[in-house]
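The structure appears below as structure tokens.
Just so it is clear, the values below take in all heavy atoms, side chains as well, and ignore hydrogens, waters and symmetry mates.
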Amino acid sequence: MPTSSASTTDSARPAASGGVQSLERAFDLLERMADAGGEVGLSELSASSGLPLPTIHRLMRTLVACGYVRQQPNRRYALGPRLIRLGESASRLLGTWARPYLARLVEETGETANMALLDGDEIVYVAQVPSKHSMRMFTEVGRRVLPHSTGVGKALLAGFPPQEVRALLGRTGMPAATERTITTPEGFLAALEEVRRQGYAIDDNEQEIGVRCLAVPVPDAPTAAAVSISGPAGRVTESATERIVPVLQEIARELSEALANPGGGPAA
């Protein structure tokens, strides 16, 4: 690992938050790389971060040496494979942290509760607490589905610009899971506008006939996340929706506060 005197001075300088400035800068650069699609040039990082090129170059050399960044043949920098291990572990822990909140959802709504993330172009379920009803929904943790046929997918993509949604749908296609699945970009964008208007998303027999799902995004989550309940259409009715949605929204806010709390527990 590089140990120049300049990096030693930078590493020892305390940040405004009381941490180490060079660490804060390094993580900020990693997040900027992720926001840019995973591959950037030094000049792009300098323009977006406001840091001088020598500082960025020094930090990137260290990240490359540690395996968290790779230098491509075209001299640009890309996120490195060692981040995959960190991300997988963090995703599992995120599901663990969410379970008490999902358990409350089950207690208050009576239906199976789920948490899902947007991973690339797919939805991945990271946690579930099943309903206590004998007839209940079950989605295997780790299952991946396309966003266009799910409530959680709509809840997550409602916060994206239309051009990004169209690009995602172009990459994944829009196969019909049931006869109720939305299969056109125009229809899906109209559904997202409805999600934004009403504050929650519905999967109405679109992933599986006889099943309805209600979902809301987790606000300000560190990665795009949503919580949902799913149950038989005969129980998740219009009147049940009016009762369930406020509970979903409240628990999503509480989960967001817990994830933002460095202490790991409920926010004070």
Side-chain angles (χ1 to χ4, degrees), residues 91 93-119 123-133 136-139 141 145 147-162 165 182 188-207 211-261 263-268:
S91 178
L93 285 172
L94 185 60
T96 300
W97 296 330
R99 280 186 62 83
Y101 298 88
L102 299 184
R104 275 187 51 210
L105 264 179
V106 174
E107 288 295 327
E108 297 191 32
T109 68
E111 303 300 342
T112 295
N114 312 281
M115 183 177 187
L117 308 179
L118 183 62
D119 184 21
I123 297 297
V124 57
Y125 290 90
V126 296
Q128 181 179 84
V129 175
S131 166
K132 296 177 182 177
H133 289 290
R136 61 194 180 195
M137 303 303 106
F138 177 77
T139 299
V141 171
V145 295
H148 72 283
S149 60
T150 64
V152 286
K154 292 176 188 175
L156 290 169
L157 291 182
F160 282 58
V165 175
I182 300 171
F188 190 70
L189 288 170
L192 296 188
E193 182 59 36
E194 183 69 7
V195 173
R196 288 188 286 269
R197 184 189 67 79
Q198 63 190 10
Y200 65 93
I202 302 177
D203 159 12
D204 188 2
N205 295 270
E206 297 163 50
Q207 178 67 216
V211 176
R212 294 186 89 226
C213 170
L214 306 173
V216 299
V218 178
D220 303 316
T223 187
V227 291
S228 69
I229 63 93
S230 54
R235 286 204 306 260
V236 186
T237 59
E238 291 296 331
S239 60
T241 296
E242 294 178 5
R243 172 179 59 85
I244 291 171
V245 167
V247 178
L248 264 173
Q249 293 171 330
E250 177 186 359
I251 288 181
R253 285 192 296 268
E254 291 180 7
L255 177 56
S256 172
E257 291 170 1
L259 293 176
N261 179 16

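- Taking all atoms of both residues into account, the shortest heavy-atom contact from R243 to E108 is NH1-O, 3.5 Å.
- Closest heavy-atom contact between L118 and L156: N-CD1, 3.8 Å.
- R235 and A240 get closest at one heavy-atom pair: O-CB, 3.3 Å.
- Judged by distance alone, the side chain of R196 and the main-chain N or O of A158 form a donor-acceptor pair under 3.5 Å.
- Side chain of K154 to main chain of I202: a donor-acceptor pair is present (N/O by atom type, distance under 3.5 Å, no hydrogens or angles).
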What's the verdict on side chain to side chain contact (heavy atoms under 4.5 Å, CB included) for I251 and V227, showing C-alpha distance, side-chain angles and the deciding distance?
CA-CA 9 Å; I251 288 181; V227 291; 5.5 Å; no
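- For the atom pair S239 OG and I244 CD1, the distance stands at 9.0 Å (nearest 0.5 Å).
- Rounding to the nearest 0.5 Å places CG of D203 at 9.5 Å from CD1 of I182.
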Apply side chain to side chain contact (heavy atoms under 4.5 Å, CB included) to residues V129 and T112 and explain how you reach the verdict.
CA-CA 6 Å; V129 175; T112 295; over 6 Å; no
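- Ionic pairing of R104 and E107 is not present here: no N-O contact between side-chain nitrogen and carboxylate oxygen is shorter than 4.0 angstrom.
- The minimum heavy-atom distance linking A127 with L102 is given by the pair CB-CD1, 3.7 Å.
- Side-chain atoms of Q207 and T150 include no donor-acceptor pair closer than 3.5 Å.
- Taken to the nearest 0.5 Å, the OG1 atom of T237 stands 8.5 Å off from the CD atom of E242.
- Taking CD of E254 as the reference point, atom CD of Q249 lies at 12.5 Å (rounded to 0.5 Å).
- Here the shortest heavy-atom pairing between W97 and L259 reads CE3-CD2, 3.9 Å.
- A donor-acceptor pair under 3.5 Å links the side-chain atoms of S131 to the main chain of G110, judged by distance alone.
- Among all heavy-atom pairs drawn from V141 and V126, the shortest one is CG1-O, 3.5 Å.
- Under a 3.5 Å cut-off, the side chain of S228 and the backbone N or O of V152 do not form any donor-acceptor pair.
- Classification of E250 and R253 as a salt-bridged pair fails, no side-chain N sitting under 4.0 Å from a carboxylate O.
- The shortest side-chain heavy-atom distance between L157 and F188 falls under the 4.5 Å cut-off.
- With L248 as the fixed residue, the side-chain contact (heavy atoms from CB on, under 4.5 Å) test singles out one of T241, T109, L214: L214.
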From CA spacing to verdict: salt bridge (Lys or Arg N to Asp or Glu O under 4.0 Å), R212, E238:
CA-CA 10 Å; R212 294 186 89 226; E238 291 296 331; 3.5 Å; yes
